[in-house]
Amino acid sequence: MKVIASLIGFFAAMSDASGDRLLLQTQQTPATVTPAPVYAYVPPALPSTPVTELNCVIAAGQPGSCAGTVQQPQSIGWRFKANCDGEASCAGATLNIFYPASNKLWEMEGMWFSGINAAADAVINVGNYNPGLRVEIKHIECSEAGSCYNTKFN
């Protein structure tokens, strides 16, 4: 009986000591995942007042130049003017000037290309989507060397 009591005591002591010998495991908190923000598409607002001028006056190669870009002003206003008077400021650009079917305007003041190579290799598209109304372009001027070199008017 003493042997059994000794063995029970021995195992009891070992079970208490074995609690200290467990693998050390750290409690890890689950990583919190921050959901990506959801952005709703907001279409660009059209100008509340009609656009009456497109001014491309910054020389090619400078920030903000119209050269090599597509320019398409929205809400064309009465007697619209397009000005490209920086050096190569509209070179290689596409200028889209479209009058919508709801258009009641019929007169475009004109286009001035007054910088050296201002509109070289540019494409100028003027579209009228109102079949009952003609659009009259009063003035097109190419006043400097190469200002309208290889420019296409459609």
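Not measured: the values here are computed from a predicted model.
- Among all heavy-atom pairs drawn from F80 and V51, the shortest one is CD1-O, 3.5 Å.
- Between R79 and E107 a salt bridge is recorded (basic side-chain N to carboxylate O distance below 4.0 Å).
- Nearest heavy-atom pair across S89 and I58 is CB-O, 3.2 Å.
- How far OG of S102 is from CG of N130: 8.0 Å, rounded to the nearest 0.5 Å.
- Rounded to the nearest 0.5 angstrom, K81 NZ and M108 CE are separated by 11.5 Å.
- The shortest side-chain heavy-atom distance between V123 and N154 falls under the 4.5 Å cut-off.
- F98 is not connected to L54 by any chain of hydrophobic side-chain contacts under 4.5 Å among Ile, Leu, Val, Met, Phe, Trp and Tyr, and they are in different clusters.
- To the nearest 0.5 Å, atoms CE (M111) and CZ (F153) are separated by 6.0 Å.
- Around OH of Y149, the count of heavy atoms belonging to other residues, nucleotides or ligands within 6.0 Å does not exceed 12.
- In this structure, CD in E136 is found 10.0 Å from CD in E109, a value given to the nearest 0.5 Å.
- A disulfide (SG to SG under 2.5 Å) check over residues 85-119, counting only residues at least two apart or in different chains, returns the pairs C84-C90.
- Considering all non-hydrogen atoms of both residues, R134 and N128 come closest at CA-ND2, 3.8 Å.
- The CZ atom of F113 sits 10.5 Å away from the OG atom of S143 when rounded to the nearest 0.5 Å.
- Residues meeting the side-chain contact (heavy atoms from CB on, under 4.5 Å) test with D85, sequence neighbours left out: V57, S114.
- Here the closest heavy-atom approach between residue Q71 and residue T69 is recorded as NE2-OG1, 3.0 Å.
- Distance check: D121 CG to K152 NZ gives 6.5 Å after rounding to the nearest 0.5 Å.
- Applying the side-chain contact (heavy atoms from CB on, under 4.5 Å) rule to A122 yields the partners A119, I124, T151; only residues at least two apart in sequence or on another chain are considered.
- Here the closest non-hydrogen pair linking A67 and A88 is CB-O, 3.5 Å.
- The two residues T52 and W78 come nearest to each other via the heavy atoms CG2-O, 4.0 Å.
- In terms of hydrophobic clustering, with Ile, Leu, Val, Met, Phe, Trp and Tyr side chains grouped at heavy-atom distances under 4.5 Å, V135 and I97 are assigned to a common cluster.
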